[in-house]
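Note that the structure is predicted; figures quoted are calculated from it, not measured. Computed from heavy atoms alone, side chains included, the values below leave out hydrogens, waters and symmetry copies. So that the names make sense, note that chain A is the first sequence line, chain B the second, and so on, each numbered from 1.
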Amino acid sequence: MQELPSNYNYKETEDKIYALWEEAGAFKPVIDPNQKPYTIVIPPPNVTGSLHMGHALNNTIQDILIRRSRMRGVPTLWIPGTDHAGIATQNVVEKKLAKEGKTRQELGREEFTKEVWDWVDQYGNTIIGQLKKMGCSCDWSRQRFTMDEGYSEAVKVAFKNYYDKGYIYQGERVINWCTRCQTALSDIEVEHIDQNAKLYFFKYDKNFPITIATTRPETKLGDTGVAVNPKDKRYQDYIGKTFKVNFCGVDREIRVFADISIDITFGTGAVGVTPAHSLVDYEMAEKNGLDIIKVIDQYGKMTKEAGTEFEGLKATEAQAKVIEMLEKAGLMEKVEEIQNAISVCYRCNRPIEPQPSKQWFLKMSELAKPAIEAVKSGQIKFTPDRWTKVYLDWMENLRDWCISRQIWWGHTIPIEGETDVLDTWFSSALWPFATLGWPNKTEDLKYFYPTTTLSTARDIIYLWVARMIFSGLEFTNEIPFSQVYIHPTVFNKEGKRMSKSLGTGVDPLELIEKYGADATRFGLTYINTGIQDLKFDEEAIGAGKKFANKLWNITRFMLMSICHSGPDGSGTGIQENDNLDSRSGCQPVWNDKMEPRTEADKIILEKLNAVIKSTDKNLDEFKFGQAAHDLYDFVWHDLADVYIEESKVTANGHPEPKSGEGTPDFSVLLYVIVTSIKLLHPIMPFVTEEIWQKLYEDKLVDERMLITAKWPKAQE
RNA sequence: GGUCGCUUAGCUCAGUUGGUUAGAGCGCUUGCAUCACACGCAAGAGGUCACUGGUUCAAAUCCAGUAGCGACCACCA
């Protein structure tokens, strides 16, 4: 028997245990053709990324599911990997170049791309190392990257398939343009931020009969129409008429037309229509055959079309000038303060400048149908259930997807002469099957696909989850996964979004350093109720650390009691009628068929059975917080506070109950501890494995490692 | 504007299909170096379950409404 230190030391344990698992190949699934496998694909973090609290939570969740499945004897695969993250990565490398006084344009495309690859080679595995630190049991031999060779091939095949079917087309239309990133963006890559704005009321010129209202007067240089509500009595006489105006020195023809979408009560009820610089106006212009005049260019500067007075000015400068000219001419009627939403780029937060541009689109109408059906029919189930509606609402109102990007880092569109790359989400949409070898019919693909559970954050339901569903159905004729778990968002203590740049974030690696990976995992699981978003408080992690120590000391108590002399050198904790293993003479054994000898034994065994049941139920239903609570309560309050306290041996080494309710049976105690650490292993893999190793050394357990030990089964 | 979520102890949150004295973590009070653990043990204080009305023998729980907070979607220029 060994002497254990009185406190659990995670720093000396975690890396050692992780190495033990890796050396044993414990993360690789054992393929059994007769069994249905359990598969999770990791939401691939950006190669530029480093672990944040959202990752920590989500990967804890996945590791819990994976580890339990593995212990149940199911062939279990967790595929890891990273995403090339087009714009995000390009921006990171551009920033690095900027520090060296260089731009990507100076380098040229080929050199720049090489720079990015170098960057990826050097830093791309940072987050992978961090996942290992957390204890994630991914099969690293199957690690993928969305730009690795095979994956790039999959992207090409996917594109060609869509193209041949006529789903992909090129078209000139108004798209979301980021003047900083110099690329088109899809509708969902645009974020809306509320802001205070000024609403300017004016006429184009003295002869124009209608006053319009706008927050961006400079765009009005490109107006070719005014839209009013068909029911608006004020403007009936003008509908259908075209007026020649001179607006700030620029001659324009403005046609007044009716459109049902116009709000009579807002502004003057008349909207200046700028087809080139508003998606909505563009649609109205198409319906009504209005001219499209581009007055702002891709850099956010005024074009020649905007007139000689404005050409070359930045949009903000042009705005000031337009306002000044309108005021001088006495055309400005009033200015109101309003709240509106500004569109910004989701990657750089700069305002979006919508403009006409030739782009590639993926037609969504046909693809959306089966993806809607798969969820409606229950083949794919969202947890919590409320996300089903969010998904369906979006899928049923889809516009075509702009898939081309004018950046350099990504999959070049596989058409001769094309220099644009594909939206990074085009490739990540293929993740569940491309990681398994698609388009090749590999053994992995045949066996592990469709995957089982997808766990992810709610903010990528549209960007990623929805697109995996229709892509999976299109390319494999199967759903890519059957369960989607949407985890809560982790906010800081004040309920604000965690942000590195604002310094409002918490670094999970610091928590691991300070409390241990198990404590971090337990704390996050403990507060994950599944319903509410999390206001993260470090105290929960502290509780996790204490709990790991408690587990350690419960084991220590048992080991010190079994086959151990009392303090005065006499006696042992073992009693004559304990169930002893004949192999050594002092190893207690217990199995389900034995009858508990005392009331205390009976009670703890009943409670243990109840917690086995509740853990299975909770994890099946993705109630992670509840699972952690139940296990914590059982171990601390039932096992330690009651069972162990009441069965302590007295100072003379003779086993006597504290409260008279029977004597301790160490075979029962061992059984309860072993079962408890099995149940806790998915949440706290390191400390439980370390305890297991101690038990194994003392021949108290048979299986070599807890990670592959058999999951407990409840008795009916 | 639409949709959804939240409001329970000082703080962060649980509370399964409505059913005895509403729970946990952390914090707080008092006592304790007992040979598993002071990252601990024992005892304890602390709640009109946002508000209003309704259903019921019974409501934190179901229904309606009000207020506040939050998220997402949306073409309010």
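- To the nearest angstrom, C1' of B/rG15 lies 11 Å from NZ of A/Lys623.
- Using a 4.0 Å heavy-atom criterion, one finds that A/Arg458 contacts the sugar-phosphate atoms exclusively.
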side-chain hydrogen bond (donor to acceptor under 3.5 Å, both in side chains) between A/Asn340 and A/Asp194: does it pass, once the steps are laid out? CA-CA 6 Å; A/Asn340 74 345; A/Asp194 285 334; over 6 Å; no
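- With respect to the salt-bridge test (charged N to carboxylate O, under 4.0 angstrom), the residues A/Glu690 and A/Lys694 qualify.
- When the P atom of B/rA77 is taken as reference, atom CG of A/Leu279 falls 14 Å away, rounded to whole Å.
- In this structure, A/His192 atom NE2 and B/rA77 atom C1' are separated by 14 Å, rounded to whole Å.
- The salt bridge (Lys or Arg N to Asp or Glu O under 4.0 Å) test applied to A/Asp400 returns no partner, not counting sequence neighbours.
- Contacts of A/Ile262 with the nucleic acid, taken as non-hydrogen atoms under 4.0 Å apart, include base atoms.
- Side-chain polar atoms of A/Asp263 and A/Asn229 form no donor-acceptor pair below 3.5 angstrom.
- A/Asn340 comes within contact range of the sugar-phosphate backbone alone, with a heavy-atom separation under 4.0 Å but no base atom that close.
- For the salt bridge (Lys or Arg N to Asp or Glu O under 4.0 Å) condition, the pairs that include at least one residue of residues 274-286 of chain A, sequence neighbours left out, are A/Glu283-A/Arg399.
- A salt bridge is defined here as a Lys NZ or Arg NE, NH1 or NH2 lying under 4.0 Å from an Asp or Glu carboxylate O, and A/Glu539 with A/Lys493 fails to meet this definition.
- For the C1' atoms, the distance linking B/rC49 with B/rC32 amounts to 36 Å, nearest Å.
- Rounded to the nearest Å, the gap between the P atom of B/rC63 and that of B/rA45 is 35 Å.
- Residue-level contact check: A/Ile554 touches the bases, meaning some heavy atom is under 4.0 Å from a base atom.
- Taking 4.5 Å as the limit, every side-chain heavy atom of A/Pro5 sits out of range of all side-chain heavy atoms of A/Asn9.
- Within the structure, salt bridge (Lys or Arg N to Asp or Glu O under 4.0 Å) contacts touching residues 208-226 of chain A (residues at least two apart or in different chains) are A/Arg216-A/Glu218, A/Arg216-A/Glu353, A/Lys220-A/Asp223.
- The interatomic distance linking A/Leu551 (CG) with B/rC39 (C1') rounds to 12 Å, in whole Å.
- For the C1' atom pair drawn from B/rA22 and B/rC13, the interatomic distance equals 14 Å after rounding to whole Å.
- The side chain of A/Lys550 places an N or O atom within less than 4.0 Å of a non-bridging phosphate oxygen (OP1 or OP2) of B/rC41.
- OP1 and OP2 of B/rC37 both lie 4.0 Å or more from every side-chain N or O belonging to A/Ser6.
- Rounded to a whole Å, the CE atom of A/Met684 is 17 Å from the P atom of B/rC39.
- Heavy atoms of A/Glu283 sit nowhere under 4.0 angstrom from any nucleic acid atom.
- Rounding to whole angstrom units, CZ of residue A/Phe257 and P of B/rA77 are separated by 16 Å.
- Residue-to-nucleotide proximity on RNA chain B shows that, of A/Ile264 and A/Leu534, the 5′-proximal contact is made by A/Leu534.
- When the P atom is compared between B/rG25 and B/rG19, the two are found 23 Å apart, to the nearest whole Å.
- Here CZ of A/Phe557 is found 9.5 Å from CG of A/Leu639. Values are rounded to the nearest 0.5 Å.
- Regarding A/Ile541, its CD1 atom lies at a distance of 21 Å from the P atom of B/rC11, rounded to whole Å.
- Spacing of P atoms, B/rU20 relative to B/rU61, comes out at 14 Å, to the nearest Å.
- Taking the six-membered ring for Trp and the full ring otherwise, the centers of A/Tyr10 and A/Phe686 sit at least 6.0 Å from each other.
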Between the protein and nucleotides 23-27 of chain B, are there any N/O to N/O pairs under 3.5 Å, and if so, what are the atom names and distances?
from   : atom 1 : to       : atom 2 : distance (Å)
B/rA24 : O2'    : A/Tyr526 : OH     : 2.5
B/rG25 : O4'    : A/Tyr526 : OH     : 3.2
B/rC26 : OP1    : A/Lys546 : NZ     : 3.3
B/rC26 : O2'    : A/Glu539 : OE1    : 2.9
B/rC26 : O2'    : A/Glu539 : OE2    : 2.4

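- Nearest-nucleotide assignment on RNA chain B puts the 5′-proximal partner with A/Thr555, out of A/Thr555 and A/Thr215.
- Of all nucleotides listed (B/rU12, B/rA14, B/rA36), B/rA36 comes nearest to the side chain of A/Phe557.
- Using atom C1' as the reference point in both B/rA71 and B/rA77, the two lie 25 Å apart (nearest Å).
- Residues A/Trp387 and A/Phe382 keep their aromatic ring centres 6.0 Å or farther apart.
- If you measure from atom CH2 of A/Trp636 to atom P of B/rC39, you get 11 Å, rounded to the nearest angstrom.
- Contacts of A/Ala227 with the nucleic acid, taken as non-hydrogen atoms under 4.0 Å apart, are absent.
- Within 4.0 Å of A/Gly269, counting heavy atoms only, lies at least one base atom of the nucleic acid.
- Listed pair A/Gln532 / B/rA14 meets the phosphate criterion, a side-chain N or O lying under 4.0 Å from OP1 or OP2.
- If you take atom C1' in B/rG23 and the same atom in B/rG47, they sit 11 Å apart, rounded to whole Å.
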What would the secondary structure line of RNA chain B be in dot-bracket form, counting Watson-Crick and G-U wobble pairs under 3.5 Å, with [ ] for pairs that cross earlier ones and | for pairs with another strand? (((((((..((((.....[...)))).(((((.......))))).....(((((..]....))))))))))))....
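- Taking the six-membered ring for Trp and the full ring otherwise, A/Tyr485 and A/Phe624 have centroids separated by under 6.0 Å.
- Among the nucleotides B/rC76, B/rC75, B/rA36, the one closest to any side-chain atom of A/Arg556 is B/rA36.
- B/rA59 sits 12 Å from B/rU21 when the P atoms are compared, rounded to a whole Å.
- Applying a 4.0 Å cut-off to non-hydrogen atoms, the residues of residues 382-400 of chain A that approach RNA chain B are A/Arg386, A/Lys389, A/Arg399, listed by residue number.
- Taking the ring centroids of A/Phe547 and A/Phe522, they lie under the 6.0 Å cut-off.
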Derivation of the side-chain hydrogen bond (donor to acceptor under 3.5 Å, both in side chains) call for A/Tyr515 and A/Glu538: CA-CA 10 Å; A/Tyr515 300 98; A/Glu538 205 168 306; 2.7 Å; yes
